[in-house]
Participant: 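Here's a structure for you.
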2 protein chains.
Amino acid sequence: MLARTLAGPAPPLEPSPMPERSPEIAFDQPCPIRDVLDRIGDQWSLLVLAALDGGTLRFNELMRAIGDISKQMLSQTLRRLEQDGFVRRTVFAEVPPRVEYELTDLGRSFLGPLRQLVHWADENHRDIVRARRSFGARAG
Amino acid sequence: MLARTLAGPAPPLEPSPMPERSPEIAFDQPCPIRDVLDRIGDQWSLLVLAALDGGTLRFNELMRAIGDISKQMLSQTLRRLEQDGFVRRTVFAEVPPRVEYELTDLGRSFLGPLRQLVHWADENHRDIVRARRSFGARAG
DNA sequence: CGGCATCCCCAGGGATACTG
DNA sequence: CAGTATCCCTGGGGATGCCG
């Protein structure tokens, strides 16, 4: 299946007609990209990462910052991000309890490519909306 | 909600509490990024785009290329990508019917940022897997 | 061949209540 | 405050069949 293609070695910025396959790569997940995208591709992970880009936040601060996320989802999302090494969780032995979340180096390094994507989205959103409209005009 | 932050030109490094919603912000989608991500963030869009990076393909060729996608999902994914202007669909009046899919300029331009992300995923996948394992060691 | 329509199932996720 | 446990329901998406 094509999943392998996405996992190719280096992303040539030049248009390369032949995507090379690396036959020997097969760890836990068949495709690193699918693996990564399955995580950050969910409804909330990117929002959480973006929120933490501003600095350390506590659980409820994150809830308020994102606004429309449930406790359960925030909790689950944070655990996964922590698990994958994007986020560091620090518990303070206080009363009432305090837990702080912050980006790790890995998490911060991810924001680079992410910003590229965000930038592209910003730049091209108008075109997309326009395409969508004109498509709506042609079809129903 | 935080969605706006992702759409901003430059993410504010100051922790800016935005507890209130902006009721007036409502184009088609509240946030370009959410809008774009909701599309390409699904299970299949990126795979389709990657497949078409190699060149024009027909419907069944795409099915075979991706391998584990159903007709319905491929059809739906292609329609959305076409709708958003990433993909061009060409129907040939032949018997049997022939339909070809190819990337538009917009679609191709998107592969730039995408490759950055792919590159990052490739580079850091090992670290992620490692983090995941060590987390599994600490917790259950 | 290239799809849309239909059926059907189950897991993702919201709401709520409870705990440390 | 910072979660976990439980319930419940919706809709995403697979399988299949039909049509141009």
Side-chain angles (χ1 to χ4, degrees), chain A residues 1-3 34-35 37-48 51-52 56-84 87-102 135-136 138-140, chain B residues 1-3 15 17 19 21 34-35 37-48 51-52 56-83 87-102 135 138-140:
Chain A
M1 75 186 63
L2 176 135
R34 283 213 192 190
D35 192 18
L37 285 171
D38 281 355
R39 288 307 172 88
I40 61 89
D42 71 8
Q43 192 70 197
W44 303 115
S45 293
L46 288 177
L47 281 310
V48 170
L52 291 177
T56 300
L57 287 177
R58 300 176 60 174
F59 189 86
N60 278 348
E61 288 174 338
L62 272 166
M63 286 223 50
R64 280 188 292 272
I66 296 175
D68 54 347
I69 187 174
S70 68
K71 287 170 147 196
Q72 182 179 141
M73 275 301 93
L74 180 56
S75 176
Q76 184 178 124
T77 302
L78 283 169
R79 209 175 320 118
R80 299 196 157 197
L81 290 175
E82 186 197 359
Q83 183 174 212
D84 284 7
V87 161
R88 178 165 34 252
R89 178 175 181 271
T90 312
V91 184
F92 296 86
E94 301 176 355
V95 171
R98 179 161 56 108
V99 181
E100 289 188 349
Y101 294 91
E102 60 182 331
F135 186 89
R138 294 195 303 278
Chain B
M1 74 184 66
L2 177 134
R21 297 154 169 259
R34 284 212 193 191
D35 191 17
L37 285 172
D38 281 356
R39 290 304 172 90
I40 61 89
D42 71 8
Q43 192 71 193
W44 303 115
S45 293
L46 287 178
L47 282 309
V48 171
L52 291 177
T56 300
L57 287 178
R58 300 175 60 173
F59 189 86
N60 277 349
E61 288 175 337
L62 273 167
M63 285 223 53
R64 280 189 293 272
I66 297 175
D68 54 347
I69 188 174
S70 68
K71 288 168 143 196
Q72 182 179 137
M73 275 301 94
L74 179 56
S75 176
Q76 184 179 123
T77 302
L78 282 169
R79 207 176 325 118
R80 299 195 156 197
L81 290 175
E82 185 197 358
Q83 183 175 213
V87 162
R88 178 166 32 251
R89 179 176 182 270
T90 313
V91 184
F92 296 86
E94 301 175 357
V95 172
R98 180 161 57 106
V99 180
E100 288 188 351
Y101 293 92
E102 60 182 331
F135 186 89
R138 292 195 305 278

Participant: Give the first and the last nucleotide of DNA chain C, reading 5' to 3', that has any atom under 4.0 Å from a heavy atom of chain A.
Facilitator: C:dG13 to C:dG20

Participant: Specify the closest pair of heavy atoms between B:L74 and B:F59, including all atoms of both residues, with the distance to one decimal.
Facilitator: CD2-O, 3.6 Å

Participant: So, for B:I40 and B:L46, which heavy atoms are closest and what is the spacing to 0.1 Å?
Facilitator: O-CG, 3.4 Å

Participant: Go along nucleotides 14-20 of chain D 5' to 3' and tag each nucleotide: B for a protein heavy atom under 4.0 Å from its base, S when only backbone or sugar atoms are that close, - otherwise.
Facilitator: BB-B--B

Participant: Grab the CG-P distance between A:L78 and D:dG3 for me, whole Å please.
Facilitator: 7 Å

Participant: How about A:L47 and A:I69: do any of their side-chain heavy atoms sit closer than 4.5 Å?
Facilitator: no

Participant: Side-chain N or O of A:S75 less than 4.0 angstrom from OP1 or OP2 on D:dA2?
Facilitator: no

Participant: For B:Y101, report the nucleic acid contact type (base, sugar-phosphate, nothing); a contact means any heavy atom under 4.0 Å.
Facilitator: sugar-phosphate

Participant: Nearest 0.5 Å, please: how far is CD1 in A:I66 from OG1 in A:T77?
Facilitator: 7.5 Å

Participant: Could you tell me which residues satisfy salt bridge (charged side-chain N to carboxylate O under 4.0 Å, His left out) with B:E100, sequence neighbours excluded, listed by chain and number?
Facilitator: B:R98

Participant: Within the 4.5 Å heavy-atom criterion, are A:L62 and A:L78 side-chain neighbours or not?
Facilitator: yes

Participant: How close do A:R39 and A:S45 get, counting heavy atoms only, and between which atoms?
Facilitator: O-OG, 3.1 Å

Participant: Where is the tightest heavy-atom contact between A:A51 and A:L57, given as atom of each residue plus distance?
Facilitator: O-CD1, 3.9 Å

Participant: Holding to salt bridge (charged side-chain N to carboxylate O under 4.0 Å, His left out), I want the full list of residues that pass it with A:E61, two or more places apart in sequence or in another chain.
Facilitator: none

Participant: Going by the rule side-chain contact (heavy atoms from CB on, under 4.5 Å), which residues pair with B:R89 if we only count those two or more places apart in sequence or in a different chain?
Facilitator: B:E82, B:V91, B:V99, B:Y101

Participant: Got B:L81 and B:W44 here, is their nearest side-chain heavy-atom distance under 4.5 Å?
Facilitator: no

Participant: Quick one: is D:dA2 close enough that its OP1 or OP2 comes under 4.0 Å of any side-chain N or O from A:R89?
Facilitator: no

Participant: Give me the bend of the helix from C:dC1-D:dG20 to C:dG20-D:dC1, using the axes of the five pairs at each end, rounded to 10°.
Facilitator: 50°

Participant: Roughly how many Å is it from CZ in B:R79 to C1' in D:dG13, rounded to a whole number?
Facilitator: 14 Å

Participant: In whole angstrom, give the distance that lies between atom CE of A:M63 and atom P of D:dT4.
Facilitator: 13 Å

